[in-house]
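One structure is given here, and the rest of the page talks about it.
Quick note on labels: first sequence line is chain A, next is B, and so on, each numbered from 1.
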Amino acid sequence: MLVYLVRRLGQSLLAIVAMAVLVFAGVYAIGNPVDVLINPEATQAEIAATMQRLGLDRPLYEQFGIFVMNALQGDLGTSFVYGRPALAIIMERLPATMELALVALFLSVAIGIPLGVWAGLRPDSIAGRTIMGGSILGFSLPNFWQGMLLILVFAVLLGWLPAGGRGETTEFLGLQVSFLTWDGLTHLILPAINLALFKMSLIIRLARANTREVSLQDYVKFARAKGLSGRRVVMVHILKNIMIPVVTIIGLELGSMVAFAIVTETVFAWPGMGKLLIDSINLLDRPVIVAYLMLTVLIIVSINLLVDVIYSLLDPRIRLSEMKG
Amino acid sequence: MSKLLEINDLQTHFHTRDGVAKAVDGVTFSLDRGEILGLVGESGSGKSVTGFSILGLVDPPGRIAGGRIVFDGDDLVAGGEPMLRGLRGKRIAMIFQDPMMTLNPVLRIDTQMVETVLAHERVPRSEALARARAALVQVGISAPDERLRSYPHQFSGGMRQRVAIAIALLHKPDLIIADEPTTALDVTIQAQILSEVQSLCAQSGTALIWITHDLAVVSGLADRLAVMYAGRIIEEGPTASVIANPRHPYTRGLIDSVPKGKQHGRMLSQIKGMTPSLLHLPEGCKFAPRCPRADAACRSEPALTPTGDDRSIRCHHPHEDAERVHAP
């Protein structure tokens, strides 16, 4: 297990380094931020001075070297726009996005898996067909449109829930969170559902397909032949087998939820880091973009690492073969 | 004493898009306590479906369309799922064909054994575990404590089948249905498992239905044989008598197609033709198109008729009863 973890950690580091090079080179290629930032009437000398101050006059490899050296010390650069450390600006927005993503993930798992298993056990029933039909809508309708429709129905027509913002927040483990206050919770529900719908549909379909496959296996029939209750056959024998692919997808999708909550955050005016990224790209605020992308990479790589560990806990066959290798 | 199991005119049908496949069509047999019945037939003859029908484990689109299965006085078809669940694993156990597939790959052996005990009896986990351990010892698995904490993939096929047999024995059932349990195993392991099952059943007085396509395997094991063809039993009787003197042309064909010694250089005889599709069965006797003895009479279906010597045959033109003819 230890050997496996160390090797897996090495792969993760390699992925982060590769992404750092790509991100830095990619952002460099977008354009010169000074053109956007500086007063159009500035003289050539002023532009040159600004470029020198921001370190933009140096060659790419030198800029990258400085970036890496600073990054290793936890400094991802200073925002051109705000004049403050980019990482600090992002971290202010991170809890809001993480909260939104985690609540959405919880919803999609807590609703998606039971519905998917149900549809898998009774594929020809009316409920099973309805669930599958609904899931097609869930991931084929554009996300932003679903969000707008949710606002229209629940905020405008029915007036049950607020249309945007984060509402009242309280401190929880040193972070500002919404879900512990009633006002915050009402603000959280709609964006969380909006972000969850696509993943929920994906999990429903995955759980259904795997349930259908697993429930035809001999070991499920054998479990029934042992006289186990239908409940135990489904909750233990089938569920534990379908969790292996489901956990993989959940891990991958959590990363993308955090990274691409942008649409939902924009529709619901949720003050997360997705909104910050859009603003930063418009202003070519290079340190913030780079810091955001690096942080996203770090989150996704960490989640994947975590998923691999959970995966090996779920499937004994993986544990053994990887330990040998 | 009443019979342990009586099956009367069992009908198990599969409703498919192309029509109704009558996988089991009028199967009738009975079993005494402690008796071993060999249920023999080719693939698709309905022998496995018969076994699964007893436990109510026929998967959709299959369902029992008619007939009675009476186990120790209770009608299992009428009793339905609650009655069946109480019997499964407790009084009627089953062993499956492919040991690589019957154990859940993500659950440890102890989990899979303990849950079987707890499904039928309210006992402490420690006691259930002790019983699981004893069952493993009973089927000849060494280092049972270590084995209990293992996962199925750490076992060989033969070992897995032993575990499956141990699970079947946990509640000392009255009846074990074994669906070709040695087909997927090496010949040497096959013989071991066979003799073990035989002695375990003899010890505990457990009746056994051994489903197989292999006459050689079952002839040394079973008290009685029932030969199935196209969803019907076509010949039934004491093993020694049926093997020595097969009277249905199909049974005779099966026995003749088993290679014997002193036959070098001779063609192995075989039954001509193929097993008919269950969706397009011939009129009358289902074996007639492949039968060397068929004539106009075979256009009507023969009934399974007792012949007086504890045997039954479903044929208009059975082979002569050789024993009776040549008896001094």
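- For A/Arg129, the salt bridge (charged side-chain N to carboxylate O under 4.0 Å, His left out) partners two or more places apart in sequence, or in a different chain, are A/Asp124.
- Among B/Gly56, B/Gly86, B/Pro173, B/Pro105, the residue making the largest number of heavy-atom pairs under 4.5 Å with chain A is B/Pro105.
- Both the backbone and the side chain of B/Ala164 come within contact range of chain A, judged by heavy atoms closer than 4.5 Å.
- Here the closest non-hydrogen pair linking B/Lys47 and B/Met228 is CA-SD, 3.7 Å.
- Between chain B and the options A/Arg224, A/Lys221, A/Lys240, heavy-atom pairs under 4.5 Å are most frequent for A/Lys221.
- Here the side chains of B/Gln161 and B/Gln190 are not in contact, with every heavy-atom distance at 4.5 Å or above.
- Only the side chain of B/Leu107 comes within contact range of chain A, with at least one heavy atom under 4.5 Å from a heavy atom of that chain.
- For chain B, the option among A/Gly227, A/Ser229, A/Gly230 with the highest count of heavy-atom pairs below 4.5 Å is A/Gly227.
- Heavy-atom distances place both the backbone and the side chain of B/Leu57 under 4.5 Å from chain A.
- In this structure, the portions of B/Gln112 lying under 4.5 Å from any heavy atom of chain A include both its backbone and its side chain.
- Expressed to the nearest 0.5 Å, how far CZ of B/Phe52 lies from CD1 of B/Ile177 amounts to 9.0 Å.
- Atom CG of residue A/Leu228 and atom OG1 of residue B/Thr116 lie 6.0 Å apart, to the nearest 0.5 angstrom.
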